[in-house]
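Inspection log for the structure reproduced underneath, given as structure tokens.
In what follows, chains carry the letters A, B, and so on, assigned in the order in which the sequence lines appear, proteins first and then strands, with residues in each chain numbered from 1. Just so we're clear, the structure is a prediction, and the values are computed from it rather than from any experiment.
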Amino acid sequence: MPELPEVETIVRELKAALPGRCVLGVRVFRPDALGGVPVAHFRASLRGECFAGVERRGKFLVFRLTSGRFLVGHLRMTGKFALVSRPARPAPHHRVWFELDDGSLLVFQDLRCFGTLALAERLEDYPPLARLGMEPFSRRFTASWLAGALAASRTPLKHWLMDQGRIAGLGNIYAAEILFAAHLSPLRPSAEVTGTEAARLHRAVRRVLRAAIGKNGTTISDFRRVDEKRGEFQDFLRVYGKTGEPCPVCRTPIARIRQQQRSSFYCPTCQR
DNA sequence: AGCGGAACCTGTCGGC
DNA sequence: TGCCGACAGGTTCCGC
């Protein structure tokens, strides 16, 4: 589910509600969400903690706690955070409850159980975060940086864009949409991208992500915002999931291929 | 360096 | 109706 725009949407909504709230209690219904950390330790560490802030790094959610420590979450395919009033019992996919001091509940739920929660003393000590590459909205993400980074690899563009160690936050949907916007084939070896094309790709990355954030992300089947509302960017997708439908620019049927065990969607005419 | 495959786990959908 | 395979927004690890 969640790529950068969906995580950004959730972070913005949590940021509006969570800072200042404190954790009265933690209930863990699915211990494997904790990446091997013993449940007792996780609960004891968080009880009494207060939220100071919520940020996004790549597709990770970073909860800054008043003690100076961090709770770091990754939603993988089907994870969600929701702020709800406390139900009598956990819903089927509820994994962890954080009971807050205003009577509300921060719920981590995850149908497929790929998502993770972790505690970190310092962010740089948490390897999954340390491995991440460039933030697309960082000032250091420039067309010339992109051109140089692309030149260093021959991997196909689609795969290149989804490599979190290069640019952090792009997944299968937005890699496809960005390549369509940039008129570049997902199959193109990254080192063969010219300077002009790299500049086009750079603009497309920011333009597509900004548009998707503006529409609160993409809900294909089960992405939900913090308040259970759906995103709206699915109505603006141009190639993702559109196999056989006419390209919005040239009417060529959108093609679907397999790359790195993932589906890629593109227009064979517009994207070269 | 880069690729294919498998693994983690659950649910849905289409075909027969 | 039922069974079976394919597929799903992600990441990591292993072998070639």
In B/S/- notation (B base, S sugar-phosphate only, - none; protein heavy atoms under 4.0 Å), nucleotides 4-10 of chain B written 5' to 3' is SB--BBB
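If you check dC16(B) for Watson-Crick or wobble pairing at under 3.5 angstrom, you find it paired to dG2(C). Base pairing of dC9(B) is not made with any nucleotide, judged by Watson-Crick or G-U wobble geometry with both donor-acceptor distances under 3.5 Å.
Close to dA8(C), at under 4.0 Å from its OP1 or OP2, lies no side-chain N or O of Thr78(A). At the phosphate of dA8(C), OP1 or OP2 sits under 4.0 Å from a side-chain N or O atom of Ser263(A). In this model, the phosphate group of dG10(C) is not approached by any side-chain N or O of His74(A) to a distance below 4.0 Å at OP1 or OP2. Look at Arg256(A) and you'll find a side-chain N or O under 4.0 angstrom from OP1 or OP2 of dA8(C). Distances shorter than 4.0 Å separate some side-chain N or O of Lys59(A) from OP1 or OP2 on dT11(C). Between Arg262(A) and the phosphate of dG9(C), there is a side-chain N or O to OP1/OP2 separation shorter than 4.0 Å. Contact between the side-chain N/O atoms of Thr155(A) and the OP1/OP2 oxygens of dC3(B) is found at a separation under 4.0 Å.
Taking atom CD of residue Glu6(A) and atom P of nucleotide dG10(C), one finds them 9 Å apart after rounding to whole Å. The CG-P distance, from Leu170(A) to dT11(C), rounds to 10 Å in whole Å. In this structure, the CD1 atom of Ile178(A) is 15 Å from the P atom of dG9(C), given to the nearest Å. Lys242(A) places its NZ atom 14 Å from the P atom of dG9(C), with the value rounded to the nearest Å. Rounded to whole angstrom, the span from the CE atom of Met162(A) across to the C1' atom of dA8(C) amounts to 12 Å. Between the CD1 atom of Ile10(A) and the P atom of dG9(C) there is a distance of 17 Å, given to the nearest Å. The separation between Ile257(A) atom CD1 and dC3(B) atom P is 12 Å, rounded to whole Å. Taking atom CZ on Arg188(A) and atom C1' on dG2(B), their separation rounds to 19 Å, with Å as the unit.
Thr116(A) comes within contact range of no nucleotide atom at all, as no heavy-atom separation falls under 4.0 Å. If you check every strand for non-hydrogen atoms under 4.0 Å, Tyr174(A) touches nothing.
Using bins of under 30°, 30° to 60° and over 60° for the plane-to-plane angle, the ring pair Phe265(A)/Tyr240(A) lands in the perpendicular bin. Relative ring orientation between Tyr174(A) and Phe233(A) is described as tilted, the plane-to-plane angle lying within the 30° to 60° band. Between Phe51(A) and Phe98(A), the ring-plane angle classifies as perpendicular under the 30° and 60° cut-offs.
Nucleotides dG4(B) and dC7(C) are separated by 15 Å at their P atoms, to the nearest Å. Remark: the separation of the P atoms in dG10(C) and dA1(B) is 23 Å, to the nearest Å. Nucleotides dC9(B) and dC13(C) are separated by 16 Å at their P atoms, to the nearest Å.
A salt bridge links Arg64(A) to Glu55(A): at least one charged side-chain nitrogen sits closer than 4.0 Å to a carboxylate oxygen. The residues Arg76(A) and Asp110(A) are annotated as not salt-bridged, no charged nitrogen and carboxylate oxygen being separated by less than 4.0 angstrom. Ion pairing between Glu99(A) and Arg86(A) holds under the 4.0 Å rule for side-chain N and carboxylate O. Between Glu49(A) and Arg69(A) there is a salt bridge, since at least one side-chain N of the basic residue sits less than 4.0 Å from a carboxylate O of the acidic one.
Closest to the side chain of Ile220(A), from the set dC3(B), dG9(C), dG10(C), is dG9(C). When distances are taken from the side chain of Arg154(A) to each of dT11(C), dG9(C), dG2(B), the shortest belongs to dG2(B).
Aromatic ring centres of His94(A) and Phe29(A) lie farther apart than the 6.0 Å criterion allows.
Atom CZ of Arg140(A) has 12 or fewer neighbouring heavy atoms from other residues, nucleotides or ligands inside a 6.0 Å radius.
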